[in-house]
Visitor: 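My questions will all concern the structure given below.
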Amino acid sequence: MPFYFAYCTIFRTFAGVMQVIYEDNHIIIVAKESGEIVQGDKTGDTPLSETVKAYIKEKYQKPGAVFLGVVHRLDRPVAGLVMFARTSKALARLNTMFRDGDVHKTYWALVSKTEDGRCQMADDGEWHTLEHWLVRNEKQNKSYAYDHEVPNSKKAILKYRVAGHTDRYTLLEVNLLTGRHHQIRCQLAAMGCPIKGDLKYGAKRSNPDGSISLLSRRMEFIHPVSKEHIVVEAPLTGIWERVES
């Protein structure tokens, strides 16, 4: 039987609060807010990784530097689950697990049709596969999707299904089978169904808070050390609470 975990701890920071969803001696999983960066970049903004280190240092009264390994990232405007490694053993094993697709991630995305109405989603509630070849443009910080292999492209595969509707948007569940730059955003836009608020990939208007309506909702994996079956879900706030209800 899998072990299910939900929201468990709030850590107060100068910027607000951080929600810790799961932690043990080897792994910590937290709920990232839209607008946060996972790892330090040229902006100089405090990354989530440093907030997690501060939490560990305070909670466990650790002297000196705190070890924390970044094993994956979420785009800045995306919210939801982010996993970190607390030990070098876990970091090495998690890196392999993420590379081999052994950490199963489910996302929620609110999408709309483009103005030309060319959205090609299959609205039957079944799982469907999207395959593209993505090319990353570093200067634009954007990826472009092709239906065939082109120079410098990487194959991108995801599965999606329609999980619900609002008056103006459709809720998709998405399972990533590869991990490419802006993969979900790019592939859904290529299908003619850009994510709500994602101006970079064709949304009609931005969200008021600068977010895009993409949530890292669920993670399922076999613990790299204990071998327990772990399932965690992100807490639902804001627009996601209204969607679920």
Side-chain angles (χ1 to χ4, degrees), residues 3-41 43 45-59 66-88 90-109 158 173-176 178-185 195 198 209-225 230-238 240:
F3 290 82
Y4 288 87
F5 293 87
Y7 159 78
C8 58
T9 304
I10 286 182
F11 177 62
R12 300 196 177 276
T13 72
F14 290 112
V17 298
M18 180 185 73
Q19 298 185 27
V20 180
I21 310 302
Y22 170 86
E23 63 178 311
D24 59 32
N25 291 335
H26 298 279
I27 292 173
I28 183 167
I29 301 174
V30 302
K32 173 188 172 304
E33 297 289 336
S34 171
E36 287 185 304
I37 53 174
V38 173
Q39 198 169 26
D41 63 10
T43 66
D45 295 340
T46 301
L48 182 60
S49 57
E50 290 302 316
T51 304
V52 176
K53 286 182 182 179
Y55 163 79
I56 293 171
K57 187 176 184 66
E58 178 178 308
K59 179 174 181 179
V66 172
F67 177 89
L68 192 75
V70 177
V71 296
H72 72 118
R73 295 167 182 79
L74 288 183
D75 296 341
R76 187 162 194 160
V78 179
L81 300 173
V82 180
M83 182 191 298
F84 297 93
R86 290 192 55 196
T87 64
S88 57
L91 177 60
R93 294 181 181 180
L94 286 171
N95 281 337
T96 299
M97 290 169 63
F98 271 88
R99 184 186 67 235
D100 294 344
D102 293 330
V103 178
H104 303 288
K105 296 175 288 182
T106 300
Y107 292 78
W108 280 7
L158 62 76
E173 278 191 322
V174 178
N175 286 340
L176 273 181
T178 55
R180 308 303 183 200
H181 177 257
H182 290 182
Q183 180 178 337
I184 296 175
R185 301 166 65 182
I195 294 170
D198 197 358
D209 61 359
S211 69
I212 65 173
S213 298
L214 179 62
L215 176 72
S216 175
R217 169 63 171 153
R218 189 173 190 264
M219 283 187 183
E220 183 173 355
F221 58 97
I222 302 300
H223 195 286
V225 180
I230 306 294
V231 179
V232 294
E233 291 187 341
L236 299 180
T237 59
W240 302 110

Visitor: Quick one: CG on Asp198 to CD1 on Ile184, what's the gap to the nearest 0.5 Å?
Guide: 11.0 Å
Visitor: Quick one: does Pro224's side chain get under 4.5 Å of Thr96's, heavy atoms only?
Guide: no
Visitor: Looking only at heavy atoms, what is the nearest atom pair of Asn175 and Thr106, with distance?
Guide: OD1-OG1, 2.8 Å
Visitor: Using 0.5 Å steps for rounding, measure from the CZ atom of Phe221 to the CG atom of Leu94.
Guide: 7.5 Å
Visitor: Report the residue from Leu215, Leu81, Leu158, Leu176 that forms a side-chain contact (heavy atoms from CB on, under 4.5 Å) with Tyr107.
Guide: Leu176
Visitor: I need the His182 NE2 to Leu214 CG distance, nearest 0.5 Å.
Guide: 10.5 Å
Visitor: State whether the side chain of Asp100 and the backbone N or O of Asp102 hold a donor-acceptor pair below 3.5 Å, judged by distance alone.
Guide: no
Visitor: Look only at the side chain of Ser213 and the backbone of Ile195, and say whether a donor-acceptor pair between them is shorter than 3.5 Å.
Guide: no
Visitor: Under the side chain to side chain donor-acceptor pair (under 3.5 Å) test, which residues partner Thr87, sequence neighbours left out?
Guide: His26
Visitor: Hey, what do you get for CD1 (Ile28) to CD1 (Ile56), rounding to the nearest 0.5 Å?
Guide: 4.5 Å
Visitor: Return the set of residues passing ring pair (Phe, Tyr, Trp, His ring centres under 6.0 Å) with Phe67 (not counting sequence neighbours), or none when no residue passes.
Guide: none
Visitor: If the test is side-chain contact (heavy atoms from CB on, under 4.5 Å), which one of Glu36, Arg73, His72 qualifies with Val82?
Guide: His72
Visitor: In Å, rounded to the nearest 0.5 Å, how long is the span from CZ of Phe84 to CD of Glu23?
Guide: 13.0 Å
Visitor: Treating Arg86 as the side-chain partner and Asp24 as the backbone partner, does any N or O pair qualify as donor plus acceptor under 3.5 Å?
Guide: yes
Visitor: Do you know which two heavy atoms are closest between Gly210 and Pro77, and how far apart they sit?
Guide: O-CB, 3.9 Å
Visitor: Does Lys32 use its side chain to pair, donor to acceptor, with the backbone of Arg76 at less than 3.5 Å?
Guide: yes
Visitor: Provide the closest heavy-atom pair for Ile21 versus Glu233 in the form atom of the first, atom of the second, distance.
Guide: CG2-O, 3.7 Å
Visitor: Run the ring pair (Phe, Tyr, Trp, His ring centres under 6.0 Å) test against His181 and tell me which residues pass, sequence neighbours left out.
Guide: none
Visitor: Between Met97 and Ile222, which heavy-atom pair has the shortest distance, and what is it?
Guide: CE-O, 3.1 Å
Visitor: Say you draw a straight line from CD1 of Ile212 to OG of Ser34; how long is it, rounded to the nearest 0.5 Å?
Guide: 7.5 Å
Visitor: Please name the pair of heavy atoms, one in Pro235 and one in Gln19, separated by the smallest distance, quoted to 0.1 Å.
Guide: CG-OE1, 3.0 Å
Visitor: Show the nearest heavy-atom pair for residues Asn95 and Val70, with the distance to one decimal.
Guide: OD1-O, 4.5 Å
